[in-house]
**Student:** 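Please see the structure below; I have some questions.
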Amino acid sequence: MIPEPNPHLASLPVYEPGRPIEDVARELGLDPSRIIKLASNENPIGPSPRAVAAMREAAGRAHIYPDGNAFLLRQAIAQKHGLGIGQVVLGNGSNEIIEFLGHAHLSPGAEMVISQYAFAIYELVGKLFQADIVEVPSRGYGHDLDAMRKVVTLRTRLVFVANPNNPTGTSVSAEELGKFIGTVPSHVVVVVDEAYQEFLKDPLDTPALIAKHPNLVVMRTFSKAQGLAGLRIGYGLASEAVAAVLQKVRQPFQANLLAQEAALAALADADHVRRTVEIVDEGRAFLENEFRRRKLEYIPSSANFIMLNVSDGKKVFQDLMKKGVIVRPMHGYKLPTWIRVTVGTREQNETFLKALG
Ligand SMILES: *Cc1c(COP(=O)(O)O)cnc(C)c1O
């Protein structure tokens, strides 16, 4: 017998992240240096060297609490987007911003609108706060924004749009997204998750729309194109009023010292992001071309990963792992025939293709 937990947690699954290299090495008796991880959409060329230098410099100050207000980082982010510092909320990864939104806007009986095949954390957080999840069927594996708009009711509190979406790699056009943001009623918080924004070819300047739409929240992260996934740092952009509420629900020092320093340095290193995008563009074209050549069904991607139909996702995931390549099976998304592979370096992509063969 253990003390009874809250009953709504009984059916709440635990999020299954991409498997760590060390874990797989231990389990299969493999040499970790020979394993490649293409499972979590991380940066193929690593963090910005400027971010690494900033962390080294800050390490000796690790005994002092970070700036709980994160003035320098929030100011730099605000400047980058032409916003005020009071419009920037930091998260321990942008995943934490999703949880803040739950704290601030969800309660039992509140409705939350998501797309089928959308990023799994939205639903998990919705369930955590006992919201009613309204899942709208996807259109070609992507978001059907018109259908999502139509299910909004007076009880709707949050709508999530991941653009590009993970795990499908689909995106909506700037025009469609702008129209959607403009037509969702003002009692609903529209959350546009732009974790992979840097990879978009036709990005909408969403931060600029906040002035006109104070119910808009834009989420960004340093985990993907910026290469700082291990540090756990991301942010939300919102109107002053919405951001002020999100600030209330966070723990005082959740953006740690090294993360703040590294993110600040990474923001100033546009070159690193540019190089990352170049390598990803090239690698994605290479992989998609190989998939076509091998007559494998895939979803054309706007991000740094591709979803691929291999007929038995779990089995192919297991078999690839034995060959030292970690990808992501998609059964958790009710896509049991698919895997998702992150675009790596040219060498990693070739290793993956060889193992897949
Ligand atoms: C990776 C990802 C995030 C952000 O993850 P953090 O590491 O918590 O910043 C957010 N949304 C989507 C769709 C993602 O794929």
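Both ligands and their constituent atoms are indexed starting at 1 by order of listing. Everything quoted here is computed from the prediction, not taken from an experiment. Along the sequence shown, the residues carry numbers beginning at 1.
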**Student:** Quick test of your reading of the structure: of Asn95, Ile98, Asp193, whose heavy atom lies closest to atom 5 (O) of ligand 1?
**Tutor:**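 It is Asn95 whose heavy atom sits nearest to atom 5 (O) of ligand 1.
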**Student:** How are the rings of His81 and Tyr235 set to each other: parallel, tilted or perpendicular (split at 30° and 60°)?
**Tutor:**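 Correct class here is tilted.
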**Student:** Would you call Arg232-Glu96 a salt bridge at under 4.0 Å N-O?
**Tutor:**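 No, this pair does not count.
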**Student:** Looking only at heavy atoms, is any part of Phe222 under 4.0 Å from ligand 1, and if so is it the side chain, the backbone, or both, or is it neither?
**Tutor:**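 Phe222 to ligand 1: no contact under 4.0 Å from either part.
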**Student:** In the protein, which heavy atom is nearest to atom 4 (C) of ligand 1, and how far is it?
**Tutor:**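 Result for atom 4 (C) of ligand 1: Ser94 OG, 3.0 Å.
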**Student:** For Glu261, is there an ion pair with Arg61 - N to carboxylate O distance below 4.0 angstrom?
**Tutor:**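 Salt bridge between Arg61 and Glu261, a charged N being under 4.0 Å from a carboxylate O: yes.
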**Student:** What protein heavy atom sits nearest atom 14 (C) of ligand 1, and how far away is it?
**Tutor:**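 The closest heavy atom on the protein side is Lys224 NZ, 3.2 Å.
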**Student:** Would you call the rings of Phe199 and Tyr196 parallel, tilted or perpendicular if under 30° counts as parallel and over 60° as perpendicular?
**Tutor:**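 Phe199 and Tyr196: tilted rings.
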**Student:** Taking only non-hydrogen atoms of Gly93, do any sit less than 4.0 angstrom from ligand 1?
**Tutor:**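 Yes, Gly93 has a heavy atom closer than 4.0 Å to ligand 1.
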**Student:** Please classify the Met219 to ligand 1 contact at 4.0 Å (heavy-atom distances, strictly less than): side chain, backbone, both or neither.
**Tutor:**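 No part of Met219 comes within reach of ligand 1.
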**Student:** Report yes if Asn41 has an N/O atom closer than 3.5 Å to an N/O atom of ligand 1; otherwise report no.
**Tutor:**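 Checking ligand 1 against Asn41, no N or O pair falls under 3.5 Å apart.
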**Student:** Which bit of Ser223 is near ligand 1, meaning a heavy atom under 4.0 Å away: side chain, backbone, both or neither?
**Tutor:**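 Ser223 to ligand 1: side-chain contact only, backbone stays beyond 4.0 Å.
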**Student:** Quick check: does Tyr122 get an N/O under 3.5 Å from an N/O on ligand 1?
**Tutor:**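 Min N/O separation from ligand 1 is not below 3.5 Å for Tyr122.
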**Student:** Looking only at heavy atoms, is any part of Glu96 under 4.0 Å from ligand 1, and if so is it the side chain, the backbone, or both, or is it neither?
**Tutor:**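 Near ligand 1, Glu96 shows nothing, with every heavy atom at 4.0 Å or more.
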**Student:** What's the shortest heavy-atom distance between Leu12 and Leu124, and which atoms?
**Tutor:**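 In terms of heavy atoms, the two residues are closest at CD1-O, 3.7 Å.
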**Student:** Step by step, work out the ring-ring contact (aromatic ring centres under 6.0 Å, His included) result for Tyr117 and Trp338.
**Tutor:** CA-CA 12 Å; Tyr117 308 135; Trp338 298 77; 8.8 Å; no
**Student:** Out of Asn92, Ile121, Thr221, whose heavy atom is nearest to atom 9 (O) of ligand 1?
**Tutor:**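 Looking at heavy atoms only, Thr221 sits closest to atom 9 (O) of ligand 1.
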**Student:** Would you say Val89 and Phe160 are hydrophobically clustered, going by side-chain heavy atoms of ILVMFWY under 4.5 Å?
**Tutor:**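 Both belong to a single hydrophobic cluster.
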